[in-house]
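A short write-up of the structure that comes next.
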Amino acid sequence: MNFNQTIFSSATLLVSIPLSRREIYNVCMDQPMKIISDGIWNHPNGSSPAQSAYTMLQIQMAGFLLGPTIPTGPFEKYKKMLFPFGSADILNTVSSLGFSFFLFITSVQMDLSLITKTGKKAWVMALSSYFVSIAIGFSVMNLLSSQLEQINDDYDSFSSLPMVIVTQGGVSFAVVSTLLNDLGILNSELGRLALSTAFVNDLTGGIAAGFGADYVKSVQLGFPILVTNVVAFFVYLIGIPLIGRPAMKWIVKNTPEGKPVSKIYIYSIIVSFLGLGFFAGYFNQPFLVGAIILGLAVPEGPPLGSELVSQLELFCSWFLTSIFVTCCTMKVDLKACVPLSFFVVVFFFILLAQLIKMLLCMGICRYCKMPYSDGFCLALILSSKGVVDVCSYVLMFDSMAQNKQVIGVLIVSVLVLGTTSKIGVKALYDPSRKYAGYQKRNIMSLKQNHELRIVACIQKTYQVIHMKNVLQLCSPCPENTLVADILHLMELVGRSTPIFIAHRLQQKVGSSYNYSGELIVTFDLFERDYAGCATANTYTAISPMALMHEDVCHLALDKNAAIIILPFHLKWGGDGSIELEDNNIRSFNSRVLERAPCSIGILVSRGPAGFSAANYKVAMVFLGGADDREALCLAKRFTKNLGNRLFVYRLVAYDRDMSNWEDMIDDEELREVRGAYGKLENVTYEEHTIEDASQTTVFIKDIANKFDFIMVGRRYGMRSSQTYGLENWTEYSELGVIGDLLASPDMETRASVLVVQQQSTAVS
């Protein structure tokens, strides 16, 4: 049974495939499935086990254990009970459909517009690493042909060497994107370059393989058949995107914004996918060609691409593809890779092709003035192999394109290259190093009347008005100008490539989906209201949840921001109760706190969404330390608008040491508040002596309902008599002791709170 027949014998599973993750859980409704599903939904970087490099290694080892490679001795009878005669074929038949859908989903997540966006550097690396490595590999093989005959009497064993060289010239886009996701560098500069290069390389290799398959299979049938098949493949390659892409865009256009795509469209796409795969067999192409080309025709991202991924990912990628990889490795017998000279020769050509690719990548990177370490890391990434390569090799074995000895060596090479790539890049590349605090990027270091640069992050629509209120509170005026870069963060769903859109530059993406429309309008109106005093630039960043902090830190670094303002992860209802809790936002905030290249403020929005910008009553609770001094500097900027009233409360410890250096710096910073600022009608300064933490708690409760906005420093890790003991009761460590008190559900207040942390001098 060939692969095309295998797929159609599994088409009866079609009914159960278009189910979302939650729907499948609701159907099963048992505890084991809940445990599995919870693990799926909470996977750290969002990649499936069939994609994760570490899990793929486990799956392959399971296949080796169940196959003929590893003798199981007394447990052999249990293996036969688990896999009786004929069961492996049935399992392979069912799981083959899952692998086809896995490739379809992978293609859906590819951004076809990368072809036009990719720079010359990526094009040169992709094409040269593919064609030059193959050309040199064939040249070396021809030079060593006589030696190969002497090494092995059965020269037919080396007849698969051309196929080995060709397979090593390419790199799978799915494998590279998964590796970058596992390493947490998907949206780094190196990651974006690697994705572009891998996309061009994979597309080039796929087209070359398609025409090559037509040539090999048709050359025996004569030249007319060859021409017919090549023309049919070319029409197939061009026709599907030309017809399918407009049809998919019509589906997107007719889907109301915020609503899921109709199921009838999902079913139609799946039926088209099966039909195109069947049609591919008429001109000697595998079923998988239809999956890849149709997947590329689907507009990536929401609503259609993300809906297809959501519907198919759990059943196909998480379940069937993992079984298919295990079935593939069960067919491999590493004991057949004999003699040792044969193993050495095949592995030599694999290493030769990879070495040529690495030298080419490093040379081009060096020509483009990239650091040696980054060039070497990029070369390692483009040399990685994974699940797609394993399945491709075994499918070649099934079609008799390669013998079992060569397949065994190729499978071993996948394990070696996949492992070394991940270890090497993880050890050499650290994207956070550029955020090191060599330069002061905080509000305290700004000169008087210098413009204030803020990066404001928004993840949910309800956060827009609260963030706008904070920008209004900064009192933009000709002597106190404000530059705000508002970043809308969206989770990467339905696509593999992260994107970053600068709306001021009218950047376009390969989708008709309206990104951040409400946010753009809101802050355009804000800029118009403060014309000449405030500038608001809006951006949209779409990346995996675990990597969003990289986009924020990179933007803050690029824009030379003094402070990043983040939304708190809790949303309060009108009655003061917690309405929504998003732990993904909390994890994101923690990562930004660790790596930010400037100061940070976490905004706890407990008050009403809109008050008048002329009537803010602001309290600044000052205990001492760098974070409190940073918060005080920001609070002083609020007073530029005479309609804002600022109350500075200094809580002095009864046993404070007057000779303490930190206290001396605090006194110096507060001198201006007591002096020049204290003479202003809208500034009030008070000192309160606090004996213990209980008095601090009473004081905070007393002022909590007197103000619209309260500012505090985070003071993380600082211990003082005013807060001694409260640290043990802190629920939200990212807010510090005082911020945690104000954000507690037990605290009855409608005041919004801004918790400030000054720029760290070192990055974790």
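The structure displayed is predicted, hence computed values, not measured ones. What's counted below: heavy atoms across the whole structure, side chains too, no hydrogens, waters or symmetry copies.
Between Phe173 and Leu195, the closest heavy-atom pair is CE1-O, 3.5 Å. When every heavy atom of Pro241 is checked against every heavy atom of Ile293, the shortest pair comes out as CD-CG2, 4.1 Å. The nearest pair of heavy atoms linking Ala596 to Ile564 is CB-CD1, 4.1 Å. For the residue pair Ile240 and Ala297, the shortest heavy atom distance occurs at O-CB, 4.3 Å. A pairwise comparison of heavy atoms in Lys249 and Pro299 identifies CG-CG, 4.2 Å as the closest pair. Closest approach of Ala194 to Ile381, counting heavy atoms only: CB-CG2, 3.9 Å.
Here CD1 of Ile499 is found 10.5 Å from CG of Asp551. Values are rounded to the nearest 0.5 Å. Distance check, rounded to the nearest 0.5 Å: CZ of Phe199 to CH2 of Trp123 gives 9.0 Å. Note that CD1 of Ile465 is 5.5 Å distant from OG1 of Thr522, once rounded to the nearest 0.5 Å. Taken from SG in Cys457 to NE2 in His549, the straight-line distance is 12.5 Å, to the nearest 0.5 Å. Atom CG of Asn584 is separated from atom CG of Asn589 by 11.0 Å, given to the nearest 0.5 angstrom. To the nearest 0.5 angstrom, Leu380 atom CG is 9.0 Å from Ser384 atom OG.
Between Leu179 and Lys385 the shortest side-chain heavy-atom distance does not fall below 4.5 Å. Counting heavy atoms from C-beta outward, Ile105 and Leu308 have side chains that stay 4.5 Å or more apart. Between Val455 and Ile565 there is no side-chain heavy-atom pair separated by less than 4.5 Å. Put simply, the side chain of Leu304 reaches to within 4.5 Å of the side chain of Ile269, judged on heavy atoms. Residues Leu203 and Leu296 form a side-chain contact, since some pair of their non-hydrogen atoms from C-beta on lies under 4.5 Å apart. At a threshold of 4.5 Å between non-hydrogen side-chain atoms, the residues Leu382 and Ser129 do not count as touching. Considering only heavy atoms from C-beta on, Glu734 comes within 4.5 Å of Leu593 through its side chain. Side chains of Phe104 and Ile270 form no contact here, defined as non-hydrogen atoms less than 4.5 Å apart.
Considering only residues two or more places apart in sequence or on other chains, Leu193 meets the side chain to side chain contact (heavy atoms under 4.5 Å, CB included) condition with Lys121, Ala122, Met125, Thr197, Met370, Leu378. Partners of Asp485 according to the side chain to side chain donor-acceptor pair (under 3.5 Å) rule, which considers only residues two or more places apart in sequence or in another chain, are Asn537, Tyr539.
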_Assess the residue pair Glu581 and Asn583 against the criterion (side-chain contact (heavy atoms from CB on, under 4.5 Å)); give the C-alpha distance rounded to whole Å, side-chain angles, the decisive distance to 0.1 Å, and a yes or no._
CA-CA 6 Å; Glu581 182 174 1; Asn583 285 319; 3.6 Å; yes
_Test log, rule salt bridge (charged side-chain N to carboxylate O under 4.0 Å, His left out), inputs Asp582 and Lys460_ = CA-CA 10 Å; Asp582 192 335; Lys460 307 289 184 183; 3.4 Å; yes
*For side-chain contact (heavy atoms from CB on, under 4.5 Å), just list the numbers for Val298 and Glu307, CA-CA rounded to whole Å, side-chain angles, deciding distance to a tenth of an Å, and then say yes or no.*
CA-CA 11 Å; Val298 177; Glu307 183 68 16; over 6 Å; no
*Could you give me the CA-CA distance, side-chain angles and deciding distance for Phe588 and His569, then say whether side-chain contact (heavy atoms from CB on, under 4.5 Å) is met?*
CA-CA 9 Å; Phe588 159 77; His569 69 282; over 6 Å; no
*asked:* Could you walk me through whether Ile486 and Met467 satisfy the side-chain contact (heavy atoms from CB on, under 4.5 Å) test, starting with their C-alpha distance in whole Å, then the side-chain angles of each, then the deciding distance to 0.1 Å, before giving a yes or no?
replied: CA-CA 9 Å; Ile486 299 92; Met467 201 62 72; 5.7 Å; no
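Using modelled atom types, no side-chain atom of Ser421 and backbone atom of Gly418 make a donor-acceptor pair closer than 3.5 Å. A donor-acceptor pair under 3.5 Å links the side-chain atoms of Arg192 to the main chain of Pro498, judged by distance alone. The main-chain N or O of Val171 is found under 3.5 Å from a side-chain atom of Asn201 such that the two form a donor-acceptor pair.
Between the side chains of Thr167 and Asp389, no donor-acceptor pair of N or O atoms lies under 3.5 Å.
Ring planes of Phe568 and Trp572: parallel class, angle under 30° (limits at 30 and 60°).
Screening Leu566, Leu487, Ile585 against Gln459 for a side chain to side chain contact (heavy atoms under 4.5 Å, CB included) leaves a single residue, Ile585.
Cation-pi check for Lys571 over Tyr462 is met; the charged atom lies under 6.0 angstrom from the ring centroid and within 45 degrees of its normal.
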